[in-house]
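One structure is given below, encoded as structure tokens.
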Amino acid sequence: MKTIYFDNNATSKTAEEVLREMEPFFCELYGNPSSMHTFGGQISRYIRKARHQVADLLGCDESEVIFTSGGTESDNAAIKGVLAAIPQRRKIITTRVEHPAVLTTCRELANQGYNVVEISVDKLGRLDMDELEKQVDDNTAIVSIMYANNETGVLFPIEEISELVSSRGVVFHTDAVQVVGKMPLNLSKSKIDLLSLSGHKLHGPKGIGVLYIRKGTRIAPFILGGHQESGKRAGTENVPSIVGIGKACEIAGKYIEDENTRVKYLRDKLENGILQSCPDSRINGDKGNRLPNTTNISFEFIEGESILLLLDKFGICASSGSACTSGSLEPSHVLRAMGVPFTAAHGSIRFSLSRYNSEEEVDFVLEKLPPIIERLRQLSPFVAGK
Ligand code: PLP
């Protein structure tokens, strides 16, 4: 059975060109870039090239690119690194809809005595800018707000937010894991101080990421040991993956237009087709202001997990906005923060596309999904009249 992969916000296929670029760094060019001998020392030039490729996509200086083990590490490092550098400030501002890499970190810091403020969103997932403006004060060490939401694709006005935060002399971090490679960025022209990205969301390898650190940003080293990564993140470099994320960034730059035209067209066709053929379905999130590849759709009165299981029988991969915790199905914290009604939040499905998807795949889903929804509705105890 062919796999139809519409779960690219969870992870994405490693591009073949990326894999080919990485291969020599396992059994041929396996030296340690810190070694004195030529065999090892020559490796540092491939790391420099990768740093250049990442910097090119971000529109920043190579010295501002620090390789990490992924988005989660970058998020943790940004927040904890700034708190360590500015110990006199005890307040952290974030949002209610962040990825757990940020939210869990902040809630743990709250347990340790930090004052953590989570800004709310409205029913379309838009940030409460007035609340943010009121909260940024002299005690704030860092504001960490995601660029785009991984579940709904909703984009926050990051340029506006970074201007505001910077004008108050506070460090601004953004989790751009879902944005890099999908939207053009030019960090040299922005007020973003710290930005996280992850290799496996942009057709690079897993277990590699980047923390962009604007020159002059107050942040303490986050892994101590050797001198690697300007002394900020010690440890022998993961050379194959660094080479891989560099190549993935280079290729991603060339596909940004495709992402915003062809991939967006496929997403819109899928979304409109579903809304037309499935009664009581609705989009979650601000339709006009989203990533081009993501749609989050609620099917009232049925459970997302049941839809996923039936889609899975046809090889269709998507994801649901619920997480199974302690035997009960908890709707996603993002949809709850948006005030999506219980009956709709439980039946939410995220489809996230990529450059590897085709129109035939969209047509296949549009053929298979409506009968699944109809069948589950017939079985649902919540449907009116039952
Ligand atoms: N931040 C966001 C918005 C994400 O979507 C993800 C992954 O799902 C992460 C952070 C974590 O990235 P990684 O899997 O590289 O640790």
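All ligand and atom numbering here is 1-based and tracks the order in the structure. Nothing here was measured: the structure is a model prediction, and the numbers come from that model.
Listed by first and then second residue, the salt bridge (Lys or Arg N to Asp or Glu O under 4.0 Å) pairs involving residues 132-143 are Lys91-Asp137, Glu133-Arg168 (not counting sequence neighbours). Pairs engaging residues 213-242 under the salt bridge (Lys or Arg N to Asp or Glu O under 4.0 Å) rule: Arg51-Glu229, Asp61-Lys215, Glu73-Arg233, Asp193-Arg214 [sequence neighbours left out]. Within the structure, the ring pair (Phe, Tyr, Trp, His ring centres under 6.0 Å) test picks out the following pairs touching residues 27-50 (sequence neighbours left out): Phe25-Tyr46, Tyr30-Phe39.
Ring pair His346/Phe301: centre-to-centre distance not below 6.0 Å.
The existence of a salt bridge linking Glu271 and Arg290 is confirmed by a sub-4.0 Å separation between a basic side-chain nitrogen and an acidic carboxylate oxygen. The residues Glu259 and Lys254 are annotated as not salt-bridged, no charged nitrogen and carboxylate oxygen being separated by less than 4.0 angstrom.
Sorted by chain then number, the residues whose non-hydrogen atoms approach ligand 1 to under 4.0 Å are Gly70, Gly71, Thr72, Asp75, His99, Met146, Asn150, Asp175, Val177, Gln178, Ser198, His200, Lys201.
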